[in-house]
Amino acid sequence: MSANSQFTFAAATGVGSLPGGDAREAARTATGSFEDFPFLPELPARGPGADMIGRSAGMLVEMYARVEPSGWRLGDRPGRDTKRARSWLGEDLDALEEFTQGYEGQLKVQAVGPWTLAAALELRNGESVLSDAGACRDLAGSLAEGLREHLAEVRRRVPGAQFVLQLDEPSLIAVLRGHVRTASGYRTHRAVDRQVVESALRDVVGVHADGPVVVHSCAPDVPFALLRRAGAAAVSFDFSLLTERDDDAIGEAVEGGTRLFAGVVPGTDSGLSDPAGSVMGVRTLWRRLGLHPGLLAEAVTVTPACGLAGASPEYARRALAHCVQAARSLADNPE
């Protein structure tokens, strides 16, 4: 935790996904939009294996997944779906490497976290991995090992960068509340104990011991305190989904040194207000919490609300540029 708490994050970045299927164009956009905090783009429009679940399933060590009509299912050996996922990731890394020659700033890479992966992947019997506690442990271990290898590969390609690992956990609240449906759709899986959830997250967060980990969720009721205890240096969320019920948890997070990745720019095509207007809600939250305005730039990184895969390419570029402008507004005029 000490390395994480001392890390100073840049003011703006993207979440992960971009529209289209051109890896070089996506890398150009991600690196050109954020001079000091680019990210490794994900391009789910290419199809199975480029989607967030398939991409992370392709990173697993000694576990393999294939596409079935119902979704991604674990199997005994790597098939064409695993190979496709790994091939696309390699293509994305080639493009990133091309556009980060000599780069020495922060660089973010993303993967699906253990609980969203457990909720999405199926066992051989068609039920979710979530239905089997032992399978959940095995999956978290396989993911941790795969992320170690992935981070080592990215570090080899961009040796001067400071790496930030983002774990995407949109299903985390559903897992904690027992809202993940069984294969039949008639029942839901039992809620997973919070300590078990926290422990698995801590193990996966721990693979990036020499850098910070961000946990991203664009679902309501993000469990800020649990994520902090699991070792997350920052929490990424859709700012529009916050309610005053979240105030205490956010205040404690900020005072404890946790960075907020505030998703204030819509993830799909829409009219963008002036940059100052986009972060007005952040300023309002700060006043409501009684936090010092001078802390804003130190505590908040501005992002889109979620990935931009559903946006038009032109809007995606504008949205990323808007994040940079909104972050500048926040720093220049915190009050």
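Residue indices begin at 1 and follow the sequence shown.
In this structure a side-chain-to-backbone donor-acceptor pair under 3.5 Å is missing from R73 to L121. No donor-acceptor pair closer than 3.5 Å links the side chain of D36 to the backbone N or O of G105. Formation of a donor-acceptor pair under 3.5 Å by the T284 side chain with backbone atoms of M280 is found in this model. Without hydrogens or angle criteria, S142 side chain to V61 main chain gives a donor-acceptor distance under 3.5 Å. Under a 3.5 Å cut-off, the side chain of E127 and the backbone N or O of T182 do not form any donor-acceptor pair. Side chain of T188 to backbone of G178: a donor-acceptor contact under 3.5 angstrom is found. A donor-acceptor distance shorter than 3.5 angstrom exists from the side chain of R283 to the backbone of N333, with no hydrogens or angles considered. T29 places a side-chain N or O within 3.5 Å of a backbone atom of E25 that can act as its donor or acceptor partner. Using a distance-only test at 3.5 Å, with no hydrogens or angles considered, a donor-acceptor pair links the side chain of D51 to the main chain of G49. Without hydrogens or angle criteria, S33 side chain to A321 main chain gives no donor-acceptor distance under 3.5 Å.
Residues A30 and F39 share a closest heavy-atom pair of CB-O, 3.4 Å. Pairing each heavy atom of Q162 with each of E104, the nearest pair is OE1-O, 4.2 Å. The shortest heavy-atom contact between F239 and A262 is CD1-CB, 4.2 Å. Taking all atoms of both residues into account, the shortest heavy-atom contact from H216 to A305 is CE1-O, 4.0 Å. Counting all heavy atoms, side chain and backbone alike, P220 lies closest to I173 at O-CG1, 3.6 Å. Considering all non-hydrogen atoms of both residues, V222 and S217 come closest at CG2-O, 3.8 Å.
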Original post:
Would L296 and L291 count as a side chain to side chain contact (heavy atoms under 4.5 Å, CB included) if you check the C-alpha gap in whole Å, the side-chain angles of each, and the deciding distance to 0.1 Å?
Top reply: CA-CA 9 Å; L296 262 174; L291 294 169; over 6 Å; no

**OP:** Could you walk me through whether V154 and L93 pass side chain to side chain contact (heavy atoms under 4.5 Å, CB included), step by step?
**Re:** CA-CA 7 Å; V154 187; L93 288 171; 3.7 Å; yes

Subject >> Check against salt bridge (Lys or Arg N to Asp or Glu O under 4.0 Å), R155 and D210 >> reply: CA-CA 12 Å; R155 194 172 286 117; D210 57 349; 3.6 Å; yes

**OP:** Begin from the C-alpha positions of L40 and L107 and carry the test side chain to side chain contact (heavy atoms under 4.5 Å, CB included) through to its verdict.
**Re:** CA-CA 8 Å; L40 174 63; L107 176 61; 5.7 Å; no

Subject >> Chi angles and distances behind the side chain to side chain contact (heavy atoms under 4.5 Å, CB included) call for L172, L227 >> reply: CA-CA 10 Å; L172 185 59; L227 297 176; 3.8 Å; yes

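Two residues are said to be in side-chain contact when any heavy atoms from C-beta on lie closer than 4.5 Å; D247 and L242 fail this criterion. In this structure the side chain of F261 reaches within 4.5 angstrom of the side chain of T13, judged on heavy atoms. Between R328 and P275, the closest side-chain pair of non-hydrogen atoms is not below 4.5 Å. Two residues are said to be in side-chain contact when any heavy atoms from C-beta on lie closer than 4.5 Å; V300 and W286 meet this criterion. Put simply, the side chain of M52 reaches to within 4.5 Å of the side chain of P170, judged on heavy atoms. For the pair L18 and L320, the minimum side-chain heavy-atom distance is below 4.5 Å. Two residues are said to be in side-chain contact when any heavy atoms from C-beta on lie closer than 4.5 Å; L272 and P266 meet this criterion.
Follow the hydrophobic side-chain contacts under 4.5 Å out from L143 and you reach L74 in the same cluster. Each of Y315 and V15 belongs to its own hydrophobic cluster when Ile, Leu, Val, Met, Phe, Trp and Tyr are linked at side-chain heavy-atom distances under 4.5 angstrom. L241 and L176 fall into different hydrophobic clusters, where Ile, Leu, Val, Met, Phe, Trp and Tyr are joined by side-chain heavy atoms under 4.5 Å apart, directly or via other members. In this structure, F99 is not a member of the same hydrophobic cluster as V164, with clusters built from ILVMFWY side-chain heavy atoms closer than 4.5 Å. A continuous path of Ile, Leu, Val, Met, Phe, Trp and Tyr side chains, each step under 4.5 Å between heavy atoms, connects V302 with L308, placing both in one hydrophobic cluster.
Distance OG/S312 to CZ/R318: 7.0 Å, rounded to 0.5 Å. Separation of atoms CG (D203) and CZ (R137) is listed at 11.5 Å; rounding is to 0.5 Å. To the nearest 0.5 Å, atom CG of residue D221 and atom OG1 of residue T243 are 6.5 Å apart. Note that CZ of F9 and OG1 of T301 are 7.0 Å apart. Values are rounded to the nearest 0.5 Å. Note that CD of E68 is 11.5 Å distant from CZ of R124, once rounded to the nearest 0.5 Å. E298 contributes atom CD, which lies 8.5 Å from atom OG1 of T8 (distance to the nearest 0.5 angstrom).
More than 12 heavy atoms of other residues, nucleotides or ligands shown are found within 6.0 angstrom of CD on Q101. Residue E62 qualifies as open at atom CD: its count of foreign heavy atoms under 6.0 Å is 12 or below. The number of heavy atoms from other shown groups lying within 6.0 Å of CZ (R80) does not exceed 12. Within 6.0 Å of the CZ atom in R157, the count of heavy atoms belonging to other residues, nucleotides or ligands exceeds 12. Heavy atoms of other residues, nucleotides or ligands lying less than 6.0 angstrom from CD of E98 number more than 12. Within 6.0 Å of the CZ atom in R77, the count of heavy atoms belonging to other residues, nucleotides or ligands does not exceed 12.
When only modelled atom types and interatomic distance are considered, K108 and Q106 share no side-chain donor-acceptor pair under 3.5 Å. Donor-acceptor pairing under 3.5 Å is recorded for the side chains of E122 and S70.
A salt bridge links D92 with R46; the closest basic N to acidic carboxylate O contact falls under 4.0 Å.
Not counting sequence neighbours, the partners of F237 by the ring pair (Phe, Tyr, Trp, His ring centres under 6.0 Å) test are F224. F163 meets the ring pair (Phe, Tyr, Trp, His ring centres under 6.0 Å) test with no other residue; sequence neighbours excluded.
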I'd like a table of donor-acceptor pairs (distance under 3.5 Å, sequence neighbours excluded) in which one partner is a side-chain atom from residues 111-119, with atom names and distances.
{"from": "W115", "atom 1": "NE1", "to": "V197", "atom 2": "O", "distance (Å)": "3.1"}
{"from": "T116", "atom 1": "OG1", "to": "E169", "atom 2": "OE1", "distance (Å)": "2.7"}
{"from": "T116", "atom 1": "OG1", "to": "S171", "atom 2": "N", "distance (Å)": "3.0"}

